[in-house]
Amino acid sequence: MLKILHVAPHLRAGGTMQMAADLACALRQRGDSHNIVLSPANELVSKLLTAGVEHRLCRIPNLLNGLAELHRLRGLVRSLRPHIIQVYGTVAAIFASAACSGLKEEKPRIVGVLTAYPRTGCSLFRKSCDAVVTISKHLRQESLKSCFKHHRKDLLLIPYGVNEKQCFPAFPFTADKQEQWRTSQPEARNRLTLCIPGAISPLHGLEDLVPILSTLLHQGIPTHAFIAGDSRKADPLYTEQLKNKFAAANLTEHISWIGARPDLREVLCACDITLSLTRRPATYDRPVLEALALGRPVLGYDHGVVGELLEAFLPEGRVAPGDAAAMADTIIQWHTYRPSPLTELPAPYRISDTAESFMQLYRSLLGHTESGHS
């Protein structure tokens, strides 16, 4: 059985920072690996323990505690004797490489996971790892323009899939739940409802709601938009500017700010269409992936991982980047003719697919010699 140590000093719920927990749990469910996650204490620890994943504490390395954390990791490597050390981020990669120095015959293979655009330390990250994995096609393409320009074969692609046990086309969103939603959100009743999940920031294109909603209302389609983003983390000045734009276009009563929702799956199911209005190509988009996995209609600008996901799940949902008029036109079409619902999640966008691909990578790196470890 493979022993895998996940070094995730920045592990936390949400976005790509959650990947170490999701992947460790998916690998554990396969039954052919022992997974240990090294991270600070957070809300994901109980999930790990419930899934049978071992957890060890660490702190986020800095100038004050760096040597102590390196010593801690070196001790863990020598006591646990993992076959694979999977690192999430440049700091984790550098520390893992240093912790393995001096080991020879039983030296673990280091697998680096690249979840965002390469910035500082990209070369160190690459040199510290035996293999580097990107989580989307777009991220791999962008990474090849930087420190991987001359190392194309060293940069692999394994999409970060959705948990198919939590998000799937037959998700039980009953008529009773639909009615509860309408009761809690009376503005949704007898309206075409749009959900815009994600951060509230200039990069996420919420300004495009002005021409989109204005067009729909002008066409006589009663519409209401639900902005599902954490307003507490947004720039208050930007939020105020947005609200002023909505007010100037007489759209205030057609927009609800519902905040970051623990029941986002239910909100995505309750709304007619999910929109992605991001101005900049993203490397990962959990809400869009979850909406598609739930079989919900999604419209998004055709760039970055959103374009990649739509190509796999719902090609007719792709809209030219920045073309709000085309977005509105497609919504009008879907108001009359809804796209066919998804019945099965496509590979490789399930977390079980992600786990299988990583397991194949581990075995190729080890050359099937893992029996040499205890």
Side-chain angles (χ1 to χ4, degrees), residues 1-59 69 72-89 91-93 95-97 99-100 103 106-115 128-133 135 156 158-166 348 350-374:
M1 180 176 286
L2 287 181
K3 190 179 292 185
I4 306 160
L5 174 62
H6 301 259
V7 182
H10 297 283
L11 178 71
R12 65 173 182 269
T16 57
M17 295 299 183
Q18 187 174 320
M19 184 175 180
D22 288 345
L23 181 57
C25 290
L27 288 166
R28 174 67 182 84
Q29 288 173 1
R30 291 169 52 91
D32 53 1
S33 63
H34 176 200
N35 290 264
I36 309 103
V37 173
L38 180 65
S39 80
N42 57 56
E43 64 270 38
L44 293 173
V45 173
S46 60
K47 171 187 174 180
L48 292 169
L49 298 177
T50 300
V53 174
E54 188 177 342
H55 181 261
R56 300 294 182 98
L57 282 172
C58 75
R59 294 173 294 177
E69 290 305 304
R72 184 204 302 265
L73 180 56
R74 182 177 286 124
L76 274 178
V77 171
R78 281 156 176 75
S79 63
L80 295 173
R81 300 173 67 194
H83 306 95
I84 298 290
I85 300 179
Q86 187 136 311
V87 294
Y88 302 80
V91 172
F95 270 55
S97 179
C100 292
L103 295 176
E106 297 183 353
K107 186 175 181 179
R109 301 293 188 268
I110 299 176
V111 175
V113 180
L114 198 60
T115 60
S128 298
C129 301
D130 296 290
V132 177
V133 171
I135 62 170
L156 308 175
I158 299 179
Y160 178 9
V162 68
N163 187 331
E164 62 268 39
K165 295 183 179 179
Q166 296 178 356
R350 300 165 295 195
I351 193 66
S352 58
D353 298 322
T354 308
E356 171 63 24
S357 295
F358 271 103
M359 187 59 70
Q360 291 179 10
L361 171 60
Y362 303 152
R363 288 172 174 157
S364 68
L365 288 173
L366 294 167
H368 301 278
T369 60
E370 63 269 20
S371 60
H373 284 58
S374 60

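When reading the values below, keep in mind they use all heavy atoms of this one structure, side chains included, and skip hydrogens, waters and symmetry mates.
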All salt bridge (charged side-chain N to carboxylate O under 4.0 Å, His left out) counterparts of [X], not counting sequence neighbours:
X: D22; value: K47, R286
X: R78; value: none
X: E69; value: R59, R72

- Item | Sub-4.5 Å side-chain heavy-atom contact between V113 and I158 | no

- More than 12 foreign heavy atoms under 6.0 Å from CZ of R74: is that the case here? yes

- Note on the structure: Note: A131 and L365 closest approach over all heavy atoms is CB-CD1, 4.1 Å

- Message: Less than 4.0 angstrom from a charged side-chain N to a carboxylate O is my criterion; do D32 and R363 meet it?
- Response: yes

Does [Y] offer a backbone N or O that forms a donor-acceptor pair with the side chain of [X] under 3.5 Å?
X: R12; Y: M17; answer: no
X: E356; Y: S352; answer: no
X: S364; Y: L361; answer: yes

- dist H83:NE2 -> I4:CD1 (nearest 0.5 Å) comes out at 9.5 Å

- Test side-chain contact (heavy atoms from CB on, under 4.5 Å) on I110 and S128 and set out the steps. CA-CA 8 Å; I110 299 176; S128 298; 5.7 Å; no

